[in-house]
Amino acid sequence: MNGQTLLYFYNLFNENTPIEKIAHPDLDNCGVELWLKRDDLIHPEVSGNKWRKLKYYVEKAQGRAGLVTFGGAYSNHIAATASVGKLMGINTIGIIRGDELHPKSNKTLKKAAAEGMRLLFVSREEYRFKHQLAYHKQIKEEYGDVVIVPEGGAGYEGLIGATEIIKGHDDFDVFSVSCGTGTTLTGILLALKSHQHVLGFSALKGGFMQDEINLLINQYFLDSQIYKDYENECSILESYHFGGYAKVNQELVEFMRSFYQYTGVKLDPIYSGKMIFGLLNQLKSNKFFFGKKILAIHTGGMQGLIGVEEKLGFSIF
Ligand SMILES: *Cc1c(COP(=O)(O)O)cnc(C)c1O
């Protein structure tokens, strides 16, 4: 594929996503202006931050044997990589955590397999080698000159892609985003202007998000001390995970439904739903935000809704 065809394919993705002003009763008397960046509208299959993070890996894969990446059974990143492969004619291999699984075990994996992704199910022990160079070498010996994309796109190319989310939004004071690997947040952090701040809501339990972000900054600059320069520009909130990754309760479901009623926007229950819940909660109680203009990023992930609804046994919307 030459540069021109790549440009053609890139035009399938609408990176210049709209921003919408949010009207919601929880914002009454908060003294803030809240906007939502609709990165969920980048592409119907490859939504949100997953395209942002994959973009430069895709570029690197031109003329190579394909993309190999890692994920759990319901991973939005696996789903996005499979769809990109199908759309752009790139071979994809997904190394899936759990050797008891099957390509038909859930809708995410079924769809990825149908899109041509080769799924390799590995034990949890083997999966732990995902960052090891020796393991990557073995993968390349077996599958040729492939580009290895870290789980969740959490590497250099992923960070570069994520810096582009806030391009053209210099008039905002605060950005708000959900964190899984922390790559999207770190990309935004690297791109902040001096008057700006980024707020991250962890979708995971455990309180290690700040460490993950420091590691990503360290990887990016190849300097283990530079993260200190960024510490004051970013705040991580760890108490809005609703019990842990992909855990959903009635309060969250009802919040997402009412947010949809007020705004017409569907959020996903694993990431953006929890982030917006936490953000509205903070805006009501935290004086730091008074008078600020805030841009929350809808990172997409609506395919994850299907998996959650499968487990809940009812639909959220
Ligand atoms: C994967 C994902 C995230 C987490 O992004 P990180 O860069 O891993 O922190 C947030 N929102 C949605 C919708 C996602 O699919």
Side-chain angles (χ1 to χ4, degrees), residues 17 36-57 69-84 108 112 130 149-166 175-191 198-206 208-217 219-220 234 236-238 240-242 244-246 248 252 256 265-279 296-308 316:
T17 52
L36 189 65
K37 183 161 176 71
R38 298 294 306 275
D39 261 18
D40 56 314
L41 302 177
I42 285 184
H43 188 276
E45 306 283 324
V46 192
S47 77
N49 66 342
K50 295 302 180 281
W51 168 249
R52 302 269 186 198
K53 292 191 286 180
L54 276 170
K55 180 178 169 187
Y56 291 106
Y57 289 108
T69 196
F70 308 86
Y74 293 92
S75 163
N76 287 339
H77 170 68
I78 288 289
T81 308
S83 300
V84 163
T108 303
K130 68 190 175 200
V149 182
E151 183 182 42
Y156 185 80
E157 287 81 354
L159 287 172
I160 305 273
T163 62
E164 296 175 359
I165 297 172
I166 63 166
F175 300 102
S176 178
V177 71
S178 171
C179 303
T181 63
T183 311
T184 307
L185 175 129
T186 307
I188 292 172
L189 178 59
L190 295 172
V198 62
L199 201 59
F201 290 85
S202 181
L204 286 81
K205 190 164 77 178
F208 49 76
M209 197 51 66
Q210 188 65 59
D211 293 341
E212 295 293 313
I213 290 157
N214 293 350
L215 276 173
L216 283 163
I217 294 174
Q219 260 184 37
Y220 182 87
C234 141
I236 306 299
L237 292 139
E238 299 270 10
Y240 297 100
H241 53 64
F242 286 79
Y245 181 72
V248 173
L252 182 66
M256 287 169 58
V265 179
K266 292 180 181 176
L267 301 167
D268 87 287
I270 302 178
Y271 295 105
S272 299
K274 294 179 182 180
M275 180 273 288
I276 296 286
F277 180 98
L279 179 62
I297 317 296
H298 190 329
T299 38
M302 297 316 285
Q303 83 82 30
L305 178 67
I306 302 165
V308 170
I316 294 180

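Just follow the structure's listing: the first ligand is 1, and inside any ligand the first atom is 1.
- For Y74, the ring-ring contact (aromatic ring centres under 6.0 Å, His included) criterion is met by no residue, not counting sequence neighbours.
- Looking at every heavy atom in both residues, A80 comes nearest to K50 through CB-CB, 3.5 Å.
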Give the intermediate values and the outcome of side chain to side chain donor-acceptor pair (under 3.5 Å) for residues S47 and D40.
CA-CA 5 Å; S47 77; D40 56 314; over 6 Å; no
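- Relative orientation of the Y156 and Y220 rings is parallel, given thresholds of 30° and 60° on the angle between their planes.
- With sequence neighbours excluded, the residues that form a salt bridge (Lys or Arg N to Asp or Glu O under 4.0 Å) with E151 are R97, K130.
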When you pair each N or O of ligand 1 with protein N or O atoms, which pairs come out under 3.5 Å?
{"residue": "ligand 1", "atom": "5 (O)", "partner": "N49", "partner atom": "ND2", "Å": "2.9"}
{"residue": "ligand 1", "atom": "7 (O)", "partner": "K53", "partner atom": "NZ", "Å": "2.8"}
{"residue": "ligand 1", "atom": "7 (O)", "partner": "T183", "partner atom": "N", "Å": "3.4"}
{"residue": "ligand 1", "atom": "7 (O)", "partner": "T184", "partner atom": "N", "Å": "2.9"}
{"residue": "ligand 1", "atom": "7 (O)", "partner": "T184", "partner atom": "OG1", "Å": "2.6"}
{"residue": "ligand 1", "atom": "8 (O)", "partner": "K53", "partner atom": "NZ", "Å": "3.1"}
{"residue": "ligand 1", "atom": "8 (O)", "partner": "T181", "partner atom": "N", "Å": "2.8"}
{"residue": "ligand 1", "atom": "8 (O)", "partner": "T181", "partner atom": "OG1", "Å": "2.6"}
{"residue": "ligand 1", "atom": "9 (O)", "partner": "G180", "partner atom": "N", "Å": "2.7"}
{"residue": "ligand 1", "atom": "9 (O)", "partner": "T181", "partner atom": "N", "Å": "3.2"}
{"residue": "ligand 1", "atom": "9 (O)", "partner": "G182", "partner atom": "N", "Å": "2.8"}
{"residue": "ligand 1", "atom": "11 (N)", "partner": "T299", "partner atom": "OG1", "Å": "2.6"}
{"residue": "ligand 1", "atom": "15 (O)", "partner": "K50", "partner atom": "NZ", "Å": "2.7"}
{"residue": "ligand 1", "atom": "15 (O)", "partner": "N76", "partner atom": "ND2", "Å": "2.7"}

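- In this view, E157 and K60 satisfy the salt bridge (Lys or Arg N to Asp or Glu O under 4.0 Å) rule, not counting sequence neighbours.
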